[in-house]
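The chains referred to below are lettered A, B, ... by the order of the sequence lines, with proteins before strands, and numbering in each begins at 1. For clarity, every value in this text was computed on a predicted model and none was experimentally measured.
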Number of protein chains: 2
Amino acid sequence: MANINEVAKLAGVSVATVSRVLNGQDVVTPKTRLKVEDAIKKLNYEPSMLGRNLRNSESRVLLVLIPSISNPFYFEIIKGIEATALDYNYNILLCETDSNPERENIYFDLVRKKMADGIISMDPAVNIDTLKSLSEKHSIIQCSEYSTEGNIPYVTIDNEDAAYRAVKHLIKLGHQKIALFNSNEKYLYARQRKEGYIKALKEFNLPVKEEYMIYTDQLGFDNGSQATKKIMNLKDRPTAIFAVSDLLAIGALKELNSAGVNVPDEMALIGFDNIDFSNMTHPTLTTIAQPMYQMGTVAASMLINKINGKHVENTVLNHELLIREST
Amino acid sequence: MANINEVAKLAGVSVATVSRVLNGQDVVTPKTRLKVEDAIKKLNYEPSMLGRNLRNSESRVLLVLIPSISNPFYFEIIKGIEATALDYNYNILLCETDSNPERENIYFDLVRKKMADGIISMDPAVNIDTLKSLSEKHSIIQCSEYSTEGNIPYVTIDNEDAAYRAVKHLIKLGHQKIALFNSNEKYLYARQRKEGYIKALKEFNLPVKEEYMIYTDQLGFDNGSQATKKIMNLKDRPTAIFAVSDLLAIGALKELNSAGVNVPDEMALIGFDNIDFSNMTHPTLTTIAQPMYQMGTVAASMLINKINGKHVENTVLNHELLIREST
DNA sequence: CTGAAAGCGCTAACAA
DNA sequence: TTGTTAGCGCTTTCAG
């Protein structure tokens, strides 16, 4: 593998000139540029990022922390991040924490060790203390889930309002007994969505019943199925479910279908996220759509700005209620 | 940020000694080791991978090429790759090509530019010529989809046999008119699965009808729905569908459910891949399960071996027919 | 067992 | 406009 020296020698110029050509600096005479380009072609030379990165003390890698790669919620966000990253000549290292602090630490180490220039954290279960202390020396952006501790910039949606609108939609449809499938309240979004749920109920003078609120530790299909079983056994069974994730809702739908409960007639169902699959169920799922791709591009832009020492502002994006067959 | 020099100075040793401690070389006296470790702690020192990587001319990054991040088929494979990679102190750069040659090239450039030490390609649409020429200088492994051109090592399953067994299962159930939802025949796996389909039909003296074979360009839900519409309009409508991907099958199921066609009574359905969703549909989907996680670990091990100059052998893993409600 | 020094491949300040 | 040179942070050879 040729290096910059050999190119310089073959072209009859100095390495500095080769470097200039490589970086598109227009101080170079067209004639010398041509010589250099010729030499590059002849030697099949490819500049090594290893040398360049050391010299520039940067890795041009952005770390993206997600709890699980199999949650479709993150797909579009990741695409947005990646597109923006590539635009700015960054690459993304997608890191799945499995909500495992040990694994998380492996990834944090990458930025400590300069293998990454910054982090976009989308992991609700992230250790916020570590994140905080890391953010003192490194660039970090929170995406979707966030904490206001530590002043780490974030991009998100108004979770409370989204939940409020979802539940209000159910109420307008005539539902009075509405279950909430929520995730663990240690997560901010869970607390916020619960707030929205309660706000809607209260606004219409409906009772807030503890037994209608089911908490699941994960946001998988199975958790949705389990939760559904629980509310089906209630003496005063709800007529509608608001699930804080489409995965949960789809698990619920599966259980309802199996139990022969008609959706939406006997049980209305509304999810959250608008993942692809939510439109492939039978019936299709009413859900809250977040501008995921945009969230990704915004997060990436914020991070890149932060890396470059610019000031970045927190961003709250708009959501949308998507009414489909399940309500 | 402290560097190795400052640590050496504070510890009163040379940088060489610090490096030895860092790399766990046991030539160092316990006493000096202690001094060094103290200094490291005091300075909060983290060794920079930038320097180390340049020196070792390696990046300890593995490139993983997939066509689309939203195809769940890849999840478990990626998990397998990642787990093995981490074991060997590698990180993976997950690269989504969108079957776009331009994007593909951006990623290939990363290994040319030494940002990555090797590639695991899972993209059926990959430019095999580029891959071939790249494999002359770089370590590459093909995973799942492969080409025998260029002698690039691969890990895969026996696609023909898998398809054969799927279709045989349908035939044993009494089906005589079986549709095939295949992807584009430019892909090897598509050709192989078609072979298996035909082999089973022939073995039972069933006619092979062109009109029962639908080709889709992508493996998404929508393609499955479209394909289903086509065969529903056939005068001699099939009674069973074998789809070469669960996504296709789920799209088909959606269409069948909407059209009020009972699955499996009026139309049996079998997919391929055993993605998570396949167990969440109503009815649940019969499918072919591939050992995806293992495929990932094997691919990663092969690649790491290749990077280290060892010889690697092609591997064919076992598959399994998972009979569920849709047949 | 430890240290001095070279060098991985590149960029940029400075000089010419 | 181009060249010389130092140095990014680390590992490793060679000497001691």
Determine to 10° how strongly the helix from C:dC1-D:dG16 to C:dA16-D:dT1 is bent, judged from the axes of its five-pair ends.
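The two end axes of the helix from C:dC1-D:dG16 to C:dA16-D:dT1 meet at 40°.
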
For [Y], does its backbone N or O pair with a side-chain atom of [X] as donor and acceptor, under 3.5 Å?
X        : Y        : result
B:Asn100 : B:Glu102 : yes
B:Glu82  : B:Ile92  : no
B:Asp117 : B:Arg60  : yes

Short N/O separations, protein against nucleotides 6-9 of chain D, under 3.5 angstrom:
residue, atom, partner, partner atom, Å
D:dG7, N2, A:Arg55, NH1, 3.1
D:dC8, O2, A:Arg55, N, 3.4
D:dG9, OP2, B:Asn3, ND2, 3.3
D:dG9, N2, B:Gly51, O, 3.0

In terms of side-chain heavy atoms, does A:Ser183 have a donor or acceptor partner in A:Tyr189 at a distance below 3.5 Å?
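Yes, a side-chain donor-acceptor pair sits under 3.5 Å.
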
Could you label the plane-to-plane angle of the A:Tyr154 and A:Tyr146 rings as parallel, tilted or perpendicular, counting under 30° as parallel and over 60° as perpendicular?
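The arrangement is parallel - the two ring planes meet at less than 30°.
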
Residue list, salt bridge (charged side-chain N to carboxylate O under 4.0 Å, His left out) with B:Asp109, at least two apart or on another chain:
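Testing B:Asp109 for salt bridge (charged side-chain N to carboxylate O under 4.0 Å, His left out), a comparison that skips the adjacent residues, returns B:Arg112.
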
Side-chain N or O of B:Thr32 less than 4.0 angstrom from OP1 or OP2 on C:dT2?
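The answer is yes; a side-chain N or O of B:Thr32 sits under 4.0 Å from OP1 or OP2.
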
Report yes if a side-chain nitrogen or oxygen of B:Thr29 is closer than 4.0 Å to either non-bridging phosphate oxygen (OP1 or OP2) of C:dT2; otherwise report no.
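For C:dT2, OP1/OP2 do have a side-chain N/O of B:Thr29 under 4.0 Å.
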
List in chain and number order the residues that pass side chain to side chain donor-acceptor pair (under 3.5 Å) with B:Asn314, two or more places apart in sequence or in another chain; answer none if no residue qualifies.
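Not a single residue meets the side chain to side chain donor-acceptor pair (under 3.5 Å) criterion with B:Asn314.
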
If you check the A:Ala16 side chain, which of C:dC1, C:dA4, C:dA12 turns out closest?
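So the side chain of A:Ala16 is nearest to C:dA12.
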
N/O donor to acceptor pairs below 3.5 angstrom from side-chain atoms of residues 120-141 of chain A, sequence neighbours left out:
residue, atom, partner, partner atom, Å
A:Asp123, OD1, A:Ala125, N, 2.9
A:Asp123, OD2, A:Thr97, OG1, 2.8
A:Asn127, OD1, A:Asp129, N, 2.9
A:Asn127, OD1, A:Thr130, N, 3.1
A:Asn127, OD1, A:Thr130, OG1, 3.2
A:Asn127, ND2, A:Thr130, OG1, 3.2
A:Lys132, NZ, A:Glu149, OE1, 3.2
A:Ser133, OG, A:Thr130, O, 3.1
A:Ser135, OG, A:Lys132, O, 2.7

Can A:Phe75 and B:Phe75 be said to form a ring-ring contact (aromatic ring centres under 6.0 Å, His included), step by step?
CA-CA 12 Å; A:Phe75 293 163; B:Phe75 293 164; 5.8 Å; yes

Gap between atoms CZ and C1', on B:Arg60 and D:dC10 respectively (whole Å):
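Rounding to the nearest Å, CZ of B:Arg60 and C1' of D:dC10 are 15 Å apart.
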
If I take atom CD1 in residue B:Ile40 and atom P in nucleotide D:dC10, what distance separates them, rounded to the nearest angstrom?
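B:Ile40 atom CD1 is separated from D:dC10 atom P by 10 Å.
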
For DNA chain D, determine which residues of residues 17-26 of chain A have any heavy atom closer than 4.0 angstrom to one of its atoms, and list them numerically.
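Within this stretch, A:Thr17, A:Arg20 sit under 4.0 Å of the strand.
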
With rounding to the nearest 0.5 angstrom, report the OG to CE distance, B:Ser59 to B:Met115.
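One gets 7.5 Å once the value is rounded to the nearest 0.5 Å.
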
